[in-house]
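Indexing begins at 1, ligand by ligand and atom by atom, following the structure's order. As a basis for the values below, the full set of heavy atoms in this structure was taken, side chains included, without hydrogen atoms, waters or symmetry mates.
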Amino acid sequence: MVFDPFDRYDITPPDPIFFISSQAAADQRPEKVDLTIGIYKTAELKSMVFKSIREAEKKLLENETNKDYLSISGHQALIDGSIDLVFGKDHCERAICGIQALGGTGALCLGANLLAETLKMPVYVSKPTWVNHHNVFSSAGFMVKDYFYYDQKTQSLNIDAFFEALNRAEKGSVVVLHGCCHNPSGADPDLEQWKEISDLCKARQLIPFFDLAYQGFGQGLEQDVRAIRLFAKDGHSMLVAQSFSKNLGLYGERVGTLLVLTSEKSGVISHLKAIARASYSNPPRHGGLIAAHVLSDPHLRSIWEDELNYMRQRVNSTREHLADALAKSCPNHDFSYLKERNGMFCYLDLTKDHIESLKTEKAIYLTQSGRINVTGLNEQNVVYVADSIASVLE
Ligand code: LMR
């Protein structure tokens, strides 16, 4: 008999976000509403390519002379653009090591593997958090622990429990923080609370690792990095995983960066390059070049910022429409908290049974946790969704 090493693999559960999103895609009912995966949809509920990106691609095609590899650390203009976007043009004196990554997830992985080389402490993620945080850090060998963050019973940020968890965290642990637009809750600390978080991280010698996947979707490009800049000013050695999936619409092109702010630049970049080389060798060229072009060309940059502003306004107004429609359809339930959220995600205060009924009876798809992507709503379907929620709540 031939030795078959593959006969010992059990089937692992599918990724919950991609699984529910594929179920939604396969549903042919005309009234279907897909509120699952975090891909921005237009008012016509279509995916889109940014105009700024199309123009950058056109220029790239006209001038492209080769498809050579990028260097292992990626396209320097993208890294520079990302550093400016995150830390500002006149960022601090401290050393920033940057490397292009395969989207936000790739950036998190690079950071996790870098930390894993020297650190044996736990990694703390918010409860709840983006499901993939657990995979990324446990795959790198870390014990992943939760810090209490958002209370789904009261639909509010539990900042005291968060502070308490930081106070209890083992010195030298890593704390994963959502730079803005917390995924899945949409509830972010205010600046004063961020200051307290920064002070606690300092006092407890915790390593902040910011996941920045939605810059521009909360309050604006500058406002959405206020927490990160505050931490930088406070002198933290820290990491930032920047994703361009959402704010440049480059989901499948896999464009992101990992930025490491450190007082000692020396070896970090060489280790990151070694990790990248062993895993995928060099990052994708096309996405890196077009993203860098949009960030650095003043004309394209201004088109992009207008596009992003428009998207943010649509996200905010859609969330408000939903809250208003729910107030009418479900007068005995309080959904007003939706108006205070940031970004495309928020929770609907529903049980698993409600969520299942919405799917089977109404063709409305949410992730299992009750998270919705509000851009799956528009003026045509928002009342249908609110009425359907009222019917399952009855
Ligand atoms: C999401 O949270 O829906 C997105 O970030 C897509 C993903 O990779 O999970």
Side-chain angles (χ1 to χ4, degrees), residues 12-26 33-42 45-48 101-112 125-140 144 149-150 152 176-188 209-218 224 240-258 280 283-284 287 291 308 311-312 314-315 318-319 341-348 355 359 364-377:
T12 56
D15 178 83
I17 296 177
F18 275 84
F19 181 66
I20 189 73
S21 155
S22 67
Q23 280 193 329
V33 183
D34 180 358
L35 306 175
T36 61
I37 199 161
I39 294 180
Y40 176 88
K41 294 285 157 54
T42 64
L45 307 182
K46 299 258 187 290
S47 292
M48 58 173 273
L102 277 69
T105 307
L108 288 164
C109 275
L110 284 171
V125 297
S126 64
K127 186 177 174 153
T129 194
W130 180 51
V131 283
N132 210 22
H133 279 153
H134 289 269
N135 303 331
V136 166
F137 289 98
S138 55
S139 296
V144 182
Y149 184 82
Y150 186 83
Q152 269 185 277
V176 178
L177 301 161
H178 299 229
C180 64
C181 308
H182 181 264
N183 179 3
S185 71
D188 295 325
F209 193 158
F210 279 95
D211 184 349
L212 184 62
Y214 295 90
Q215 186 179 359
F217 277 91
D224 289 351
V240 180
Q242 162 82 297
S243 168
F244 292 109
S245 297
K246 329 280 170 171
N247 60 11
L248 280 169
L250 291 174
Y251 309 91
E253 302 287 0
R254 310 312 294 138
V255 189
T257 56
L258 175 74
Y280 55 85
L308 199 53
M311 292 161 86
R312 184 175 62 255
R314 169 164 150 66
V315 165
T318 308
R319 211 183 321 90
R341 298 294 171 252
N342 289 312
M344 58 172 89
F345 299 127
C346 49
Y347 277 126
L348 287 182
I355 294 165
K359 178 169 99 174
I364 297 173
Y365 286 80
L366 284 62
T367 63
Q368 260 201 338
S369 64
R371 186 196 82 172
I372 60 165
N373 168 4
V374 290
T375 71
L377 297 168

message: If we set the cut-off at 4.0 Å for heavy atoms, which region of Ile39 has an atom near ligand 1: side chain, backbone, both, or neither?
response: neither
- prompt: So, does Asn132 sit close enough to ligand 1 that a heavy atom of it is under 4.0 Å from the ligand?
  reply: no
- request: Mark the output for Phe18 as yes if a heavy-atom distance to ligand 1 is under 4.0 Å, and as no if none is.
  value: yes
Proximal ligand 1 atoms for [X], defined as those under 4.0 Å from one of its heavy atoms:
X      : value
Arg371 : 1 (C), 2 (O), 3 (O)
Ile37  : 3 (O), 6 (C)
Tyr214 : 5 (O)

message: Can you report which non-hydrogen protein atom sits closest to atom 7 (C) of ligand 1, along with the distance?
response: Trp130 NE1, 3.6 Å
task: Distance to 0.1 Å, residue and atom name: give those for the protein heavy atom nearest to atom 4 (C) of ligand 1.
output: Lys246 NZ, 3.1 Å
message: Parallel, tilted or perpendicular, judged at 30° and 60°: which one describes the rings of His133 and Phe137?
response: tilted
message: On a heavy-atom basis, which atom in Thr375 and which in Ile39 lie closest, and how many Å separate them?
response: OG1-O, 3.5 Å
- prompt: Would you find more than 12 non-hydrogen atoms of other residues, nucleotides or ligands less than 6.0 Å from Phe19 atom CZ?
  reply: no
Measure the spacing between [atom1] of [X] and [atom2] of [Y] and express it to the nearest 0.5 Å.
X      : Y      : atom1 : atom2 : value
Ile37  : Asp15  : CD1   : CG    : 7.5 Å
Thr36  : Ile17  : OG1   : CD1   : 9.0 Å
Cys181 : Tyr214 : SG    : OH    : 8.5 Å

- prompt: If we only count N/O pairs under 3.5 Å, is Gly38 in contact with ligand 1?
  reply: yes
message: Quick one: does any side-chain atom of Arg254 pair with a main-chain N or O of Pro283 as donor and acceptor, under 3.5 Å?
response: no
